[in-house]
Amino acid sequence: MDGSILVISAPSGAGKSTLIQRLLAADSRLKFSVSYTTRPPRPGEVQGVDYHFIRHEDFLRLKESGGLVEWVEQFGHFYGTGVDWVRRTVAAGADALLDLEPRGARAIKDLFPEAVLIFILPPSLEELERRLRIRGGLSPRELAQRLAQGREELRQASWYDYLVVNDDLAQAEAALRAIITAARLRSRLVWPHLAPRFQV
Ligand code: ADP
Ligand code: 5GP
């Protein structure tokens with residue numbers, strides 16, 4: 001495999017989507033893994049760009065036929081990562097960026113130990129709640145549910161490879177870029193390209 005698998009997780013509202021958009025816009029070697037989901041699209045979400053929005057029965061068929069490298073059920077909906085896309089992307093030398101909750105991140109690490117796992121944290125729980133509120137679109141019940149889930153997910157941060165606190169957006173983006181650069185410089189990936197140059 002020539003490319004890297006990069007997994008990013010964060011409690012809802014930490015700024016993960018904002019940061020991922022910024023990374024993708026400036027780095028053509030970074031490709032976003034478009035997950036399959038049975039949840040309905042939110043306003044502004046685009047089929048095939050944000051998710052492959054599919055019916056419940058189609059999701060189950062895909063899962064049963066081995067088309068997903070990992071999958072989870074949460075908030076009553078299924079989410080899963082397409083196996084072919086990940087393998088093709090890294091085989092082509094690009095880096096696959098996966099936006100997954102912690103169970104999915106763990107599954108990817110078990111299957112691909114060389115995957116780089118990054119967890120984005122908010123500066124505080126208060127700020128997480130503030131960001132969720134200003135983003136809007138959530139009922140009070142959904143807001144409470146996401147905050148509770150977020151606290152659960154924060155417990156998982158310790159076993160990730162890298163932790164990035166998204167306090168200042170530009171600094172968090174720079175930290176993520178540094179991690180991606182380091183991932184690309186791993187000898188396993190670089191040595192096969194360098195060895196012929198030195199005839200070793
Ligand atoms: P997530 O994808 O993690 O749920 P979003 O990227 O949608 O979160 O961000 C949640 C809200 O917080 C958005 O309104 C976004 O503009 C805002 N936000 C993101 N990063 C920062 C930051 N570093 N400082 C202040 N607000 C931020
Ligand atoms: P949302 O419904 O807000 O888009 O996503 C909810 C959660 O599902 C987020 O934490 C996101 O990272 C996670 N998620 C999205 N796609 C996948 C996937 O394919 N697999 C897993 N395990 N989690 C996913």
Side-chain angles (χ1 to χ4, degrees), residues 5-25 31-54 58-59 62-63 67-86 89 96-112 115 117-139 142-143 145-157 160 164-176:
I5 297 176
L6 306 158
V7 180
I8 299 193
S9 303
S12 184
K16 180 176 58 174
S17 312
T18 305
L19 284 162
I20 288 178
Q21 287 316 318
R22 290 170 75 125
L23 293 174
L24 291 172
K31 308 287 182 197
F32 184 66
S33 168
V34 180
S35 290
Y36 293 88
T37 187
T38 59
R39 87 151 163 75
R42 296 193 191 114
E45 284 185 329
V46 178
Q47 172 72 284
V49 175
D50 298 289
Y51 282 103
H52 299 295
F53 296 99
I54 60 174
D58 293 332
F59 190 96
L62 190 61
K63 174 164 89 65
L68 300 175
V69 65
E70 63 75 39
W71 65 273
V72 292
E73 185 180 5
Q74 64 168 357
F75 304 131
H77 301 294
F78 286 102
Y79 297 81
T81 305
V83 63
D84 288 347
W85 184 89
V86 173
T89 300
L97 181 64
L98 280 55
D99 170 348
L100 308 178
E101 51 68 65
R103 283 170 293 166
R106 169 63 80 189
I108 292 292
K109 191 73 170 177
D110 288 345
L111 272 169
F112 305 101
L117 269 49
I118 307 165
F119 197 99
I120 298 171
L121 299 95
S124 66
L125 284 176
E126 292 71 30
E127 174 64 9
L128 183 67
E129 180 167 351
R130 193 191 69 81
R131 287 183 192 171
L132 270 178
R133 283 184 193 281
I134 52 164
R135 193 180 59 185
L138 295 174
S139 68
E142 284 172 325
L143 181 74
Q145 197 181 28
R146 283 190 180 243
L147 282 172
Q149 167 106 359
R151 269 195 292 272
E152 253 337 285
E153 290 185 1
L154 281 162
R155 285 181 208 275
Q156 307 295 317
Y160 277 68
V164 173
V165 176
N166 179 22
D167 189 351
D168 177 78
L169 189 64
Q171 274 180 21
E173 185 184 348
L176 288 170

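When a residue number appears, it is its place in the shown sequence, counting from 1. Every number for a ligand or one of its atoms is a count from 1 in the order of the listing.
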Colleague: Considering only the protein, which heavy-atom contact is closest to atom 2 (O) of ligand 2, and what is its distance?
Modeller: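 Result for atom 2 (O) of ligand 2: Y79 OH, 2.6 Å.
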Colleague: To the nearest 0.5 Å, how far apart are CD1 in I8 and CZ in F119?
Modeller: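 The distance works out to 11.5 Å.
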Colleague: With heavy atoms under 4.0 Å as the rule, classify the contact between D167 and ligand 1 as side chain, backbone, both or neither.
Modeller: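 For D167, only backbone atoms sit under 4.0 Å from ligand 1.
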Colleague: Which residue and non-hydrogen atom of the protein lie closest to atom 13 (C) of ligand 2, and at what distance in Å?
Modeller: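 Heavy-atom neighbour on the protein nearest atom 13 (C) of ligand 2: E101 N, 3.7 Å.
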Colleague: Pull out every atom of ligand 1 sitting under 4.0 Å from any heavy atom of L169, numbered as shown with elements.
Modeller: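 Here the atoms of ligand 1 in question are 20 (N), 23 (N).
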Colleague: Have Q74 and Q149 got a donor and an acceptor in their side chains that come within less than 3.5 Å?
Modeller: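 Yes, because at least one side-chain N or O of Q74 sits under 3.5 Å from a partner of the opposite role on Q149.
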Colleague: Where's the contact between Y51 and ligand 2, heavy-atom distance under 4.0 Å: side chain, backbone, both or neither?
Modeller: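 Just the side chain.
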Colleague: Distance under 4.0 Å to a non-hydrogen atom of G15: what atoms of ligand 1 satisfy this?
Modeller: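 Contacts of ligand 1 toward G15, numbered from 1: 1 (P), 3 (O), 5 (P), 6 (O), 8 (O), 9 (O), 19 (C).
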Colleague: Is it true that a side-chain atom of R131 and a backbone atom of A14 form a donor plus acceptor pair closer than 3.5 Å?
Modeller: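 Yes, the answer is positive, given that a donor and an acceptor are paired below the 3.5 Å cut-off.
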Colleague: List the closest protein heavy-atom neighbour of atom 7 (O) of ligand 1: residue, atom name, distance to the nearest 0.1 Å.
Modeller: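 Looking at atom 7 (O) of ligand 1, the protein heavy atom closest to it is R135 NH1, 2.9 Å.
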Colleague: Give a yes or no on whether the backbone of A115 and the side-chain of K109 come within a donor-acceptor separation of less than 3.5 Å.
Modeller: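 Yes.
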Colleague: Side-chain contact test, heavy atoms from C-beta onward, threshold under 4.5 Å: evaluate it for Y36 versus W71 and give yes or no.
Modeller: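 Heavy-atom side-chain distance check fails, nothing below 4.5 Å.
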Colleague: Measuring from the heavy atoms of R39, does anything fall under 4.0 Å of ligand 2?
Modeller: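 A heavy atom of R39 does come that close to ligand 2.
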Colleague: Quick check: do L100 and V72 have side-chain heavy atoms less than 4.5 Å from each other?
Modeller: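 They are not in contact (no side-chain heavy atoms under 4.5 Å apart), so the answer is no.
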Colleague: Mark the output for Q149 as yes if a heavy-atom distance to ligand 2 is under 4.0 Å, and as no if none is.
Modeller: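 Under 4.0 Å: no for Q149.
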Colleague: Please report whether ligand 2 has a polar contact with D99, defined as an N or O pair separated by less than 3.5 Å (distance criterion only).
Modeller: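 There is such a contact, yes.
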Colleague: Is any side-chain heavy atom of F75 closer than 4.5 Å to a side-chain heavy atom of R39?
Modeller: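 No - every pair of side-chain heavy atoms lies 4.5 Å or more apart.
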Colleague: Are E142 and R146 ion-paired here, with the side-chain N under 4.0 Å from a carboxylate O?
Modeller: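 No salt bridge links E142 with R146.
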Colleague: G80: heavy atom below 4.0 Å from ligand 2, yes or no?
Modeller: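 Yes.
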Colleague: Can you confirm, on distance only, whether ligand 1 has an N/O atom lying under 3.5 Å from any N/O atom belonging to I134?
Modeller: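 No, there is no polar N/O contact under 3.5 Å.
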Colleague: Tell me: protein heavy atom nearest atom 10 (C) of ligand 1, and distance?
Modeller: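 Its nearest protein heavy-atom neighbour is G13 O, 3.7 Å.
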Colleague: Can you tell me the protein heavy atom closest to atom 16 (O) of ligand 1 and the distance?
Modeller: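 Here the closest protein heavy atom is T18 OG1, 4.2 Å.
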Colleague: Could you tell me whether E126 and R130 make a salt bridge, using a distance below 4.0 angstrom between a side-chain N and a carboxylate O?
Modeller: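 Here E126 does not pair with R130 in a salt bridge, since their nearest N and O are not under 4.0 Å apart.
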Colleague: Find all atoms of ligand 2 within a distance of less than 4.0 Å from any non-hydrogen atom belonging to K16, and give their numbers and elements.
Modeller: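 Selected atoms, number and element: 9 (C), 10 (O), 11 (C), 12 (O).
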Colleague: Just say parallel, tilted or perpendicular for the rings of F78 and F59, cut-offs at 30° and 60°.
Modeller: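 If you compare the ring of F78 with that of F59, the planes turn out parallel.
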Colleague: Could you find the nearest protein heavy atom to atom 19 (O) of ligand 2 and give me its residue, atom name and distance?
Modeller: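 Answer, as residue, atom name and distance: S35 OG, 2.6 Å.
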Colleague: Within this structure, what is the CG-CG distance for the pair L132 and L147, rounded to the nearest 0.5 Å?
Modeller: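 Going from CG on L132 over to CG on L147, the span is 5.5 Å.
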Colleague: Determine whether a donor-acceptor pair (N or O, by modelled atom type, separation under 3.5 Å) exists between the side chain of Q47 and the backbone of F53.
Modeller: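 Checking the backbone N and O of F53 against the side chain of Q47, a donor-acceptor pair under 3.5 Å is found.
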Colleague: Using the rule side chain to side chain contact (heavy atoms under 4.5 Å, CB included), only one of D84, V83, L62 pairs with L68; which is it?
Modeller: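 Only one option passes, and that is L62.
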Colleague: Side chain, backbone, both or neither: which applies to T81 and ligand 2 if a contact is any heavy-atom pair less than 4.0 Å apart?
Modeller: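 Both backbone and side chain.
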Colleague: Just jot down the ligand 2 atoms closer than 4.0 angstrom to any heavy atom of E70, in number order.
Modeller: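 Listed by number with element, the hits are 18 (C), 19 (O), 20 (N), 21 (C), 22 (N).
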Colleague: Within a distance under 4.0 Å of any heavy atom of S12, pick out the atoms of ligand 1 and give their elements.
Modeller: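 Counting from 1, the qualifying ligand atoms are 4 (O).
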Colleague: Can you tell me the protein heavy atom closest to atom 20 (N) of ligand 1 and the distance?
Modeller: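 Looking at atom 20 (N) of ligand 1, the protein heavy atom closest to it is N166 ND2, 3.0 Å.
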Colleague: For the OG1 atom of T38 and the CD atom of E73, what is their distance to the nearest 0.5 Å?
Modeller: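 CD of E73 is found 7.5 Å from OG1 of T38.
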Colleague: Does any non-hydrogen side-chain atom of R42 lie less than 4.5 Å from one of D50?
Modeller: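 The answer is no, as the side chains (C-beta and beyond) never meet within the 4.5 Å cut-off.
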Colleague: Near G104, which atoms of ligand 2 are under 4.0 Å from a heavy atom of that residue?
Modeller: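 Here the atoms of ligand 2 in question are 22 (N).
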Colleague: So which heavy atom in the protein is nearest atom 18 (N) of ligand 1, and how far is it from that ligand atom?
Modeller: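 Looking only at protein heavy atoms, the one closest to atom 18 (N) of ligand 1 is R131 CD, 3.9 Å.
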Colleague: So which bit of A10 gets within less than 4.0 Å of ligand 1, heavy atoms only: side chain, backbone, both or neither?
Modeller: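 It is neither; nothing of A10 touches ligand 1.
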Colleague: Heavy-atom contact under 4.0 Å between R42 and ligand 2?
Modeller: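 Judged by the 4.0 Å heavy-atom criterion, R42 does count as contacting ligand 2.
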Colleague: Flag the pair V49 / V34 as yes when at least one side-chain heavy-atom distance between them is below 4.5 Å, and no otherwise.
Modeller: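 V49 does not reach V34 side chain to side chain.
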Colleague: What part of Q74 sits under 4.0 Å from ligand 2 if we count only heavy atoms: the side chain, the backbone, both or neither?
Modeller: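 Within the 4.0 Å criterion, Q74 contacts ligand 2 through side-chain atoms alone.
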Colleague: What protein heavy atom sits nearest atom 2 (O) of ligand 1, and how far away is it?
Modeller: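 It is S17 OG, 2.4 Å.
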Colleague: Is there a side-chain contact between P122 and E129 (heavy atoms, below 4.5 Å)?
Modeller: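 Counting from C-beta outward, P122 and E129 never come under 4.5 Å.
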Colleague: Considering non-hydrogen atoms of the protein only, which is the closest contact for atom 3 (O) of ligand 1, and what is the distance?
Modeller: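 Of every protein heavy atom, K16 N, 2.8 Å lies nearest to atom 3 (O) of ligand 1.
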Colleague: State if W71 counts as touching ligand 2 under the rule of any non-hydrogen atom under 4.0 Å.
Modeller: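 Not so, W71 does not reach ligand 2.
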Colleague: Under 4.0 Å from any heavy atom of L100, which atoms of ligand 2 are there?
Modeller: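 Those qualifying, in numeric order: 12 (O), 17 (C), 18 (C), 19 (O), 20 (N), 21 (C), 23 (N), 24 (C).
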Colleague: For R103, is at least one N or O under 3.5 Å away from an N or O on ligand 2?
Modeller: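 No - when backbone and side-chain N and O of R103 are compared with those of ligand 2, no distance drops under 3.5 Å.
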